[in-house]
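Atom set for the values below is all heavy atoms of this structure, side chains included, hydrogens, waters and symmetry mates excluded.
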Amino acid sequence: IVMTTCSSFVALGMMPLLLYIYCRGFPGLENAVPFVGIITTLVLTLVPCMIGILINHYKPNYTPVVKKAGISILIIVGIILFILSGIYVRDKIWMVLTADVLAVAALMPLIGFMLGYIMSVLCRLSPQCSRTISMETGCQNIQLCVAILKVTFSPQVIGPMFLFPLIYIQFQCAEALLLSLCFRCYQRFKPPAEG
């Protein structure tokens, strides 16, 4: 949560800088960065996280119930959102499901997982911290991306590409599950440490 919060706040300054660097000479860039939409998204993302942290700290016995209820709601809403999005762009879905978009959606989380782990190992962090950083960087900002797309841009501007985060999150969840499963298998079958 801290990494996501920090990167989101840094993005408020880096987005205009990147737009300035990439698009020098184009007029009207001062209105291109949706600051209000990004700040609204940050508030909508961070307030529930803060509530969860407070519940976990002050009422830890409620944590399993809140976690199960939250995951159930997330799964149900995710399925409904995916179905409704598919109905909305049923004629244009093939524009999104191209090989290059699917390759990017598959490679982005995997690269995030790997780079997070490699960089944390190079910084000599503990294996547990390395795995945590790997998961955080691999799952970085997909919820923020969806919220920014929905709050900031009209459907006419982004068109069927608003489905990309939904495709991306499917690959992200599958790859995170696969990596977690591989780690559990490694733990189960590794030889006991001598000493």
**Q** Check whether I83 and I75 end up in the same hydrophobic cluster, where Ile, Leu, Val, Met, Phe, Trp and Tyr are linked by side-chain heavy atoms less than 4.5 Å apart.
**A**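 Yes.
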**Q** Could you tell me whether a side-chain N or O of E175 sits under 3.5 Å from a main-chain N or O of L110, the two making a donor and an acceptor?
**A**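 Yes: the side chain of E175 pairs with the backbone of L110.
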**Q** Rounded to the nearest 0.5 Å, what's the gap from CD on Q172 to CZ on F113? Could you check?
**A** 5.5 Å
**Q** Applying side chain to side chain donor-acceptor pair (under 3.5 Å), can you list everything that pairs with R184, at least two apart in sequence or on another chain?
**A** Q187
**Q** According to a hydrophobic-cluster definition based on side-chain heavy atoms being under 4.5 Å apart (Ile, Leu, Val, Met, Phe, Trp, Tyr only), do I71 and L177 belong together?
**A** no
**Q** Looking at every non-hydrogen atom in both residues, tell me the closest pair between P109 and A105 and how far apart they are.
**A**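 Shortest heavy-atom contact: CD-O, 3.1 Å.
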**Q** Is there a side-chain contact between S180 and M135 in this structure, where contact means two heavy atoms from C-beta onward sitting under 4.5 Å apart?
**A** yes
**Q** Give the C-alpha distance, both sets of side-chain angles, the deciding distance and a yes or no for side chain to side chain contact (heavy atoms under 4.5 Å, CB included) between V121 and M119.
**A** CA-CA 5 Å; V121 167; M119 293 303 289; over 6 Å; no
**Q** Indicate, with yes or no, if M50 and I53 share a hydrophobic cluster defined by side-chain heavy-atom contacts under 4.5 Å among Ile, Leu, Val, Met, Phe, Trp and Tyr.
**A**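 Per the 4.5 Å side-chain linkage, I53 and M50 are not co-clustered.
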**Q** Heavy atoms only: give me the nearest Y62-I55 pair and the separation to one decimal.
**A** CB-CG2, 4.2 Å
**Q** Of all the heavy-atom pairs spanning Y168 and M108, show the shortest one and how long it is.
**A** CE1-CB, 3.3 Å
**Q** Does the side chain of Y117 reach to within under 4.5 Å of the side chain of I133, using non-hydrogen atoms?
**A** no
**Q** With side chains defined as the heavy atoms from C-beta onward, is the minimum distance between L102 and F171 less than 4.5 Å?
**A** yes
**Q** For residues L125 and C129, report the shortest heavy-atom separation together with the two atoms involved.
**A** CB-CB, 4.1 Å
**Q** So how far is it from I51 CD1 to N56 CG, rounded to the nearest 0.5 Å?
**A** 13.5 Å
**Q** Mind checking what makes side chain to side chain donor-acceptor pair (under 3.5 Å) contact with T98, not counting sequence neighbours?
**A** D100
**Q** With distance as the sole test, does S120 use its side chain to make a donor-acceptor pair with the main-chain N or O of G116 at under 3.5 Å?
**A**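 Present.
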